[in-house]
Amino acid sequence: MGKILKVYNPYDGTIVDSIPESTLEDVEKALNKLEVGKKIMSNLSSHKKAEILFNTAKLIEENSKDLVLTLVKEVGKTIREAQIEVRRTAEIFRLAGEETKRIHGETLPFDSVRNSENKMGFFMRVPIGIVAAITPFNVPLALAAHKIAPAIAGGNSIIFKPSTLTPLADIKLCQLLYKAGLPEEALQVVVGPGETIGEAVVKDHRVRMISFTGSRDVGLDITRKAGIKKISLELGSNSALILSDKGNVEECARVTVKGGYAVAGQVCISIQRVLVHKKVLEEFISHLIPLVEKLRVGDPMKEETDIGPMINESAAKRVEEWIKEAINLGGKILTGGERERTLMKPTVLIDVPLEAKVIREEVFGPVVTIIPFNNLEEAIRITNDSKYGLQAGIFSNDIEEVFYAIKNLEVGGVMINEAPSYRADFMPYGGVKDSGIGREGIKYALEEMTEIKTICFNLKEGLS
Ligand code: NAP
């Protein structure tokens with residue numbers, strides 16, 4: 001009898017379910033199957049792949065109640081947050097179904113170089129083979145969909161390793177994919193610790209691409225162990241939102257609440273630093289604090305709850321310690337700061353020195369720190385003074401300021417008069433610096449999950 005993995009409810013600590021943990025032999029068996037699966041997938045027509053992806057979207061919608069409840073129980077998401085994630089997941093499969101029919105190559109102008117006048121050709125996109133999808137705990141379904149759906153569209157087979165903290169909804173998703181018509185050989189799920197099962201997947205030479213979403217440190221470890229294969233990394237951040245004195249203060253406060261505390265701040269693009277022009281600082285605080293204090297923290301199963309628990313007590317304790325460090329360095333709490341087991345009160349800090357962890361590192365909890373500034377150059381300098389660079393936001397109604405920010409912010413995406421946590425699932429999404437390599441968003445992930453094959457015809461000058 002192998003090991004059993006227990007999945008806990010982060011809110012009350014009860015066991016949601018127990019499942020068998022995969023072994024290294026299971027990884028080997030899975031990869032052997034996927035070698036067969038990659039041939040099946042590369043021979044599947046675009047319309048058949050699109051049909052599987054559309055069927056999956058439909059099945060997700062039909063099973064949404066069960067998936068929502070599973071997410072609430074294993075992640076601690078509120079009902080409303082879980083509903084949004086399930087809706088998004090179906091949408092991602094639908095987007096991939098559409099994109100399946102738009103995988104194009106290009107004709108190549110060979111006669112643009114000497115001695116190639118009689119040549120003509122093109123390139124086409126072909127499947128890459130076996131893709132590894134490794135995902136984090138915070139958005140189990142939608143982030144898995146961002147890897148599995150384009151991998152299918154590209155004609156690949158997939159080895160999928162979800163987080164050991166939240167594997168249950170993902171296992172259900174795999175079952176729906178099989179039901180939708182995906183051959184079992186095309187998708188294999190292995191559930192087990194990253195250090196053993198994840199590492200075995202990362203190192204295996206049969207895996208031709210690793211599509212990883214998770215923390216910076218694990219991402220770095222993957223780059224060291226992967227060997228020669230494609231790697232796409234969607235890592236963390238300490239996202240900043242800038243409020244200029246020419247921006248809508250009230251709207252910025254509303255957006256800060258929306259983007260700073262969703263999933264108890266456990267979102268890679270969660271707003272962590274709000275840089276506020278000193279001229280509008282008091283006004284901003286007067287709008288923000290009542291909105292934050294209105295948020296109801298508690299049982300994620302209750303419809304009225306706005307903020308559920310963090311994933312486990314050690315994660316919540318770490319956030320509490322970082323707040324203490326900020327206070328010891330001279331920072332002040334404007335609201336929040338208290339913890340009850342896994343529940344962390346939504347917190348706003350100010351006057352925190354820039355070297356504090358709540359500013360420099362990724363908090364991944366419901367903590368927002370306000371940083372006042374004198375001019376936009378200073379705000380952008382502070383924003384860029386980070387190892388991360390996923391997305392940033394700016395509230396300003398001055399077009400010159402906005403373009404200055406677009407040009408100078410070192411990030412993968414700039415949101416204007418919107419939270420940096422905004423993401424539409426079709427858009428190119430990803431970071432610079434330690435926030436990652438590559439882009440997701442179906443069309444862009446598909447480019448990464450296919451290889452270019454160049455074709456060249458050597459033609460005679462005339463008919464002989
Ligand atoms: P994590 O600890 O890095 O884990 C992510 C996945 O990697 C899990 O499945 C984990 O396995 C696995 N793993 C751990 N060590 C591994 C290794 N040595 N080799 C291969 N796989 C390994 O991240 P997390 O705590 O679950 O998620 C939070 C992080 O994800 C945050 O930093 C957040 O910013 C980032 N994130 C980024 C995005 C984005 O789009 N940029 C989106 C969401 C989250 P286990 O099951 O053993 O944990």
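Just so you know, ligand 1 is whichever comes first in the structure, and atom 1 is the first atom listed for that ligand.
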Any donor and acceptor pair, going by atom type alone, linking the side chain of R273 with main-chain N or O of I382 inside 3.5 Å? yes
Lys/Arg cation over aromatic Y444: R439, 6.0 Å, 45° cone: no
Please determine, by modelled atom types, if N312 and S314 share a side-chain donor-acceptor pair under 3.5 angstrom. yes
Output the set of protein residues with a heavy-atom contact under 4.0 Å to ligand 1, ordered first by chain identifier and then by residue number. I134, T135, P136, F137, N138, L143, K161, P162, S163, T164, P193, G194, G198, E199, V202, F212, T213, G214, S215, V218, D221, E234, L235, G236, C268, E362, F364, L390, Y429
Nearest heavy atoms of G219 and L233, plus distance in Å: O-CD1, 4.0 Å
Could you pull out all residues at least two apart from E325 that satisfy side chain to side chain contact (heavy atoms under 4.5 Å, CB included)? L329, A356, K357
Evaluate side chain to side chain donor-acceptor pair (under 3.5 Å) for S232 paired with E448, printing each intermediate quantity in order. CA-CA 8 Å; S232 140; E448 312 227 2; 4.7 Å; no
